[in-house]
2 protein chains.
Amino acid sequence: MSQGNRKLRLYVTIGQRLFRDSLLFQLLLHNEIDLVGESETGIDTLKSLESARPGVLIIEENLPDNDGLTIAEHALSEHPALAVLLISDTPVSANRLAIYLEAGIKAVVSKHQPIQDLVKTLFYIRNGQVYVGAWQKPDAPSQGMLNAYNALSGREREVARLIASRIPIKDIAEQLGVSCKTVHSYKDRIFVKLGFERLPELILFMKRHHNGAAA
Amino acid sequence: MSQGNRKLRLYVTIGQRLFRDSLLFQLLLHNEIDLVGESETGIDTLKSLESARPGVLIIEENLPDNDGLTIAEHALSEHPALAVLLISDTPVSANRLAIYLEAGIKAVVSKHQPIQDLVKTLFYIRNGQVYVGAWQKPDAPSQGMLNAYNALSGREREVARLIASRIPIKDIAEQLGVSCKTVHSYKDRIFVKLGFERLPELILFMKRHHNGAAA
DNA sequence: GCACGTTTGTAGGAATTTCCTACAGCAAAG
DNA sequence: CTTTGCTGTAGGAAATTCCTACAAACGTGC
C-alpha cells in the first residue's frame, strides 16, 4: 500500500468526536500511520500544524468554526508540502473540484464513499499523487472488490463464507478436513485478493454482496 | 460487557457511507455483535426490519429521507421490543429528550461523545436498560478513563507508554529485562483497567492525555 | 500489631491474527 | 512443449485476546 518505509505523519481535523474516533481507530490499525495531531476546529488546526508537522492533513469541508477550504489554504501557504485530503459532505461538482485543486488540495473524498477509498487515498497522496475520487476514479479503488471476488477460487469462496460467519478457524479446518494453517493460508490469500486487512471488512463485504441470508 | 450469551442482533441506519463503514468496522470487531442489516434511509429500514428482526437499532436523528424519530416510532409500533439507540447531531435538550423517551427510544448518544460511549450504550440497552447519555451520565461511561489511568501502577504506566509508541513487545521485554509474557500480562491488565479492547484505543488515549510529545 | 484481602510483578497456555515463505500440481499462454 | 502463474496445501514468527497462577508487598480492619 505504501512504497516508502517512513511513517505517514497524519493530522486529522473532524468536528464530530464520534466520527473522528471511529475514523482514527480505523486508521491507527495501520502501523505505518503516526497520528501527530487532531482537532475539532480549523483554528486549532492552524495553531498546531507548526509543531505537529504532519505530512498529510485530513480535514472536513464543513467544520464548526470555518470551512475546510479556507483552513487548507492557510495551512498550505505556510506548509506547501502538506498533502491535504478534504472530506466533503456530498459528491463534489466539477466546478468546486477545480477550486479545490487550484488551492493545492491533493484529494477529495466524499462521505458517501466507502471508507477503503479514504484509506487508500491517504497512502496515495502522501507520495505526491493527486486523487480526485469524488469526480473520477483513476484506478477505481475499492470498486474492484466485486471483480476481485470473482477472482477467488471455489475453495477460497467457501472459506470466505465460513470465516465471515465467524466460525472458528479450527472448526473450519475440521469441517474441510485440512490443517488450521491451510485455512489461515486461504484467509490470507482472500484478504490479499480483496484488499482487506481486518475481519470486519470481510464480514461486511460478504453480508453486503454474497451472504443474503445471514445466520 | 454483556451478561447474556446470545448475540446482539444489530441493525444500523446511517446516511453517510463513510461514517457507517467506520462505525460498523468498529462494532464488528466484537464477536457478540451480529449485524443483521444496514441502510441509508428510514424507508429502507422500515422495509427490512420485518425480515432482519434486530434486537437493537442504531439510527441517526437526521436521515437523508426522514427524521430518525419518525422512523423509530413506526418501527416501535410494529416491534415494541426493539431497543432503539438514536445518534443525535448535537447534545439533546431536556425537552427533546423527553419526546424521545416518550416515543420509546432507549438511548440517545450525540456525535460529540467518544465512540466508547456508543459501544457501551449499545450493550447496555440491549438488556432492557435506558441510557440517556446526552443529557446525564448514569455511570459516566468512558469518563472514568482518566481516573482509571491514575489507578495504573508505575510499571503499568511505563508499559502503557511503550506499547502506545508501537514498540514491539519483544523489544519492550528486552528493555525491561522481563519475559514477553510478562509484558503481555501488563498489557492485558492495562486494557482491563482502562476498559480498552484494541490497540488504537490505547494509542489514542495516550496521545490525548499522557503523551504530549509523540515520537 | 496482626491477619486477611487486594494489588503488583511475574509468567504460562490456547486460539487467532498478521505477515511470510515454500512447494507440488495443474492450466494457460507463449 | 516449456515457462509462468494460480491453487491447494502447510510451516514459522510475532502479536493479540482471554485465561489462570502465584508470591511478595501493601493496607485496612479490628
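All values derive from a computational prediction rather than experimental measurement. Only this structure's heavy atoms are used, side chains among them; waters, hydrogens and symmetry mates stay out. Letters go in sequence order (proteins before strands), and every chain restarts at 1.
- In this structure, CD1 on A:Ile59 lies 4.5 Å from OG1 on A:Thr13, to the nearest 0.5 angstrom.
- A sub-4.0 Å separation between OP1 or OP2 of C:dT10 and a side-chain N or O of B:Lys187 is absent.
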Side chain to side chain donor-acceptor pair (under 3.5 Å) between A:Tyr100 and A:Glu61, worked out: CA-CA 10 Å; A:Tyr100 289 149; A:Glu61 191 176 37; 2.4 Å; yes

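- In this structure, CG of A:Leu199 is placed 13 Å from P of C:dC19, rounded to the nearest angstrom.
- In this model, the phosphate group of C:dA11 is approached by a side-chain N or O of B:Thr182 to a distance below 4.0 Å at OP1 or OP2.
- Where A:Lys170 and B:Lys181 meet DNA chain C, the nucleotide closest to each residue was compared, and B:Lys181 sits on the side nearer the 5' end.
- Here the side chain of B:Asp188 is nearest to one of D:dC19, C:dG9, D:dA10, namely D:dC19.
- There is a side-chain donor-acceptor pair under 3.5 Å between B:His30 and B:Glu197.
- Proximity of A:Arg189 to the phosphate of D:dT9: no side-chain N or O atom is located under 4.0 Å from OP1 or OP2.
- Using a 4.0 Å heavy-atom cutoff across all strands shown, A:Ser179 reaches sugar-phosphate atoms only and no base atom.
- Atom CD1 in B:Ile172 sits about 15 Å away from atom P in C:dA11, given to the nearest Å.
- Taking atom OH of A:Tyr186 as the reference point, atom C1' of D:dA10 lies 10 Å away to the nearest angstrom.
- Residue contacts for B:Ser153: at a heavy-atom cut-off of 4.0 Å it reaches the sugar-phosphate backbone alone, with no base atom in range.
- The side chain of B:Arg155 sits closest to C:dT10 out of C:dT10, D:dT7, D:dA13.
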Decide yes or no on salt bridge (charged side-chain N to carboxylate O under 4.0 Å, His left out) for B:Lys207 and A:Glu38, but give the supporting numbers first. CA-CA 10 Å; B:Lys207 285 212 189 277; A:Glu38 50 158 339; over 6 Å; no

